[in-house]
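For reference, the structure is listed below as structure tokens.
Below, read A as the first sequence line, B as the second, and so on, with proteins coming before strands; counting in each chain starts at 1.
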Number of protein chains: 2
Amino acid sequence: MTTAGPETTQQGSLLLDDQLCFALYAASRAVTARYRPLLDELGLTYPQYLVMLVLWEQDAIPVRDLGIALQLESSTLSPLLKRLESNGLIRRERRLDDERSVAIHLTGSGAELRARAGTVPLAIGDAMGLTPEQHATARQLLRLLTANVSER
Amino acid sequence: MTTAGPETTQQGSLLLDDQLCFALYAASRAVTARYRPLLDELGLTYPQYLVMLVLWEQDAIPVRDLGIALQLESSTLSPLLKRLESNGLIRRERRLDDERSVAIHLTGSGAELRARAGTVPLAIGDAMGLTPEQHATARQLLRLLTANVSER
DNA sequence: TACGAATTAGTTGTGCACAATTCAATAGCT
DNA sequence: AGCTATTGAATTGTGCACAACTAATTCGTA
């Protein structure tokens with residue numbers, strides 16, 4: 001896997017197939033598409049599912065920290081959270097100690113949804129069809145890439 | 001890189017950090033963000049840049065084949081191509097042999113833009129900061145992942 | 001303590017991304 | 001030839017994603 005075959009990547013090429021960035025863009029959309037039917041059953045979109053993952057780990061989190069965890073701007077999160085709220089999964093409460101901040105709380109049905117979501121990661125992991133080693137390698141490389149590219 | 005440390009991936013976990021899918025989603029957006037200032041100089045968005053890459057390889061391509069190459073629906077491409085056309089980079093001509101099909105042609109300025117875009121891939125490759133081996137591995141894993149996940 | 005800078009959410013405007021639908025043109029079948 | 005199914009592109013509606021901006025609150029410091 002480490003040795004480069006005859007089709008070695010041309011890092012300076014303008015050919016679509018040579019671009020790691022395109023592979024990334026296509027993979028991300030393909031994975032999201034694979035999630036879609038599973039998440040439809042839960043009444044969630046993929047970004048909404050990511051928000052719920054964070055909330056299931058840590059309830060009552062400020063919008064700001066959600067943005068840091070997911071690397072999303074408030075201009076993306078605000079309307080998304082509004083939709084989650086109108087679907088009854090979360091509640092928004094302005095903090096008492098700092099009224100600039102809004103804390104996101106799970107509702108009862110938001111917390112209950114976690115059980116129904118439990119099968120999703122394994123189903124997706126199965127569909128990805130990577131060995132545990134490939135899975136770990138991919139995750140590490142993507143994190144390294146993200147860190148490098150986000151610098152400055 | 002292949003051996004899993006104590007922080008081995010939990011494939012069935014609901015923890016955000018365990019999810020390869022989130023690493024993918026975050027990496028894709030981070031890379032796009034890194035492209036943005038470079039592409040701003042060319043007057044392109046990232047998806048528009050991908051379309052131009054295809055056209056620089058093969059001019060006079062039907063919308064259908066663009067969709068296949070980029071894995072995008074006509075409902076995404078149609079308005080995007082309309083913007084490229086109003087920016088003077090492409091031209092759309094209904095084919096004579098099959099009037100259902102619309103062929104996309106580069107204009108003069110569309111073709112000229114290729115020279116100015118030439119520095120982009122190296123700049124991005126540099127920002128990614130991966131070794132050639134890591135780059136090749138990532139590309140291969142992402143393609144495998146996309147192929148697996150797109151099945152059925 | 002007054003006041004300017006920084007922080008936090010939210011709004012606005014543009015551009016993807018995709019499902020569902022529509023419409024025209026073509027191909028296939030009898 | 002005539003009819004039906006298929007194909008190719010576009011339109012519509014919903015939901016991200018982000019830059020630029022606004023408004024409210026808090027902090028720092030003179």
Give the rounded distance in Å between these two atoms: CG of A/L66 and C1' of C/dT8. 13 Å
State, with a plain yes or no, whether a side-chain heavy atom of B/V54 is found less than 4.5 Å away from one of B/V51. no
Checking D/dA17, C/dT26, D/dT25 against the side chain of A/T76 (C-beta onward), the nearest is D/dA17
Heavy-atom neighbours of A/E41 CD exceed 12 at 6.0 Å: no
Nearest-Å distance, CG (B/L44) to P (C/dC16)? 10 Å
Taking the side chain as everything from C-beta on, heavy atoms only, tell me whether B/L81 gets closer than 4.5 Å to B/V63. yes
Among the candidates D/dC18, C/dG10, D/dT11, find the nucleotide nearest to the side-chain atoms of A/S75. D/dC18
Sugar-phosphate, base or nothing in reach of B/L80, heavy atoms under 4.0 Å: sugar-phosphate
Tell me which nucleotide among D/dT25, D/dA9, D/dA19 gets nearest to the side chain of A/D98. D/dT25
Counting any heavy atom closer than 4.0 Å, what does B/R95 reach on the DNA or RNA strands: base, sugar-phosphate only, or nothing? nothing
Relative to the 5' end of DNA chain C, which residue comes earlier, A/P62 or B/R94, by the nucleotide with the nearest heavy atom? A/P62
Value in whole Å for how far the C1' atom of C/dT7 lies from CZ of A/R100: 4 Å
Give B/L72 one of three labels, base, sugar-phosphate or nothing, depending on what nucleic acid heavy atoms sit under 4.0 Å from its own. sugar-phosphate
According to a strict under-4.0 Å criterion, is A/K82 in side-chain N/O contact with OP1 or OP2 of D/dG15? no
If you look at every strand shown and take non-hydrogen atoms under 4.0 Å, does B/P79 touch a base, only sugar-phosphate, or nothing? nothing
Inspect the surroundings of CD in A/E93 and state if more than 12 heavy atoms from other residues, nucleotides or ligands are less than 6.0 Å away. yes
Contact class for A/S101 (heavy atom, under 4.0 Å): base, sugar-phosphate, or nothing? sugar-phosphate
Basic-acidic side-chain contact under 4.0 Å: A/E85, A/R92: yes
Between C/dA9 atom C1' and A/L70 atom CG, what is the distance in whole Å? 16 Å
So, A/R29 side chain and B/Q71 main chain: donor-acceptor pair closer than 3.5 Å or not? yes
Between A/L39 (CG) and C/dA19 (C1'), how many Å, whole number? 15 Å
Using atom CZ of A/R29 as one end and atom P of C/dA17 as the other, report the distance to the nearest whole Å. 6 Å
Specify the separation, in whole Å, of atom CG of A/D40 and atom C1' of C/dC18. 11 Å
According to a strict under-4.0 Å criterion, is A/Q48 in side-chain N/O contact with OP1 or OP2 of D/dC16? yes
Of D/dG15, D/dA9, C/dA9, the nucleotide closest to the side chain of B/R64 is D/dA9
Heavy-atom donor-acceptor pair, B/S74 side-chain to D/dA10 base, under 3.5 Å: yes
Can you check the B/Y35 OH to D/dC18 C1' distance for me, whole Å? 18 Å
D/dA19, D/dA9, C/dC16: which one has an atom nearest the side-chain heavy atoms of B/R36? D/dA19
Quick note, A/V102 side chain, CB onward, closest among C/dC18, C/dA25, C/dG10 is C/dG10
Of B/S78 and B/Y25, the one whose closest DNA chain D nucleotide lies more 5': B/S78
Closest approach to the side chain of A/T45, judged atom by atom: which nucleotide of C/dA17, C/dA9, D/dC16 is it? D/dC16
Polar pair under 3.5 Å, donor/acceptor by atom type, side chain A/T32, base C/dA17: no
Can you measure from CG (A/L42) to CZ (A/R116) and round to the nearest 0.5 angstrom? 5.5 Å
A/P47 has its side chain closest, among D/dC16, C/dC16, C/dA19, to D/dC16
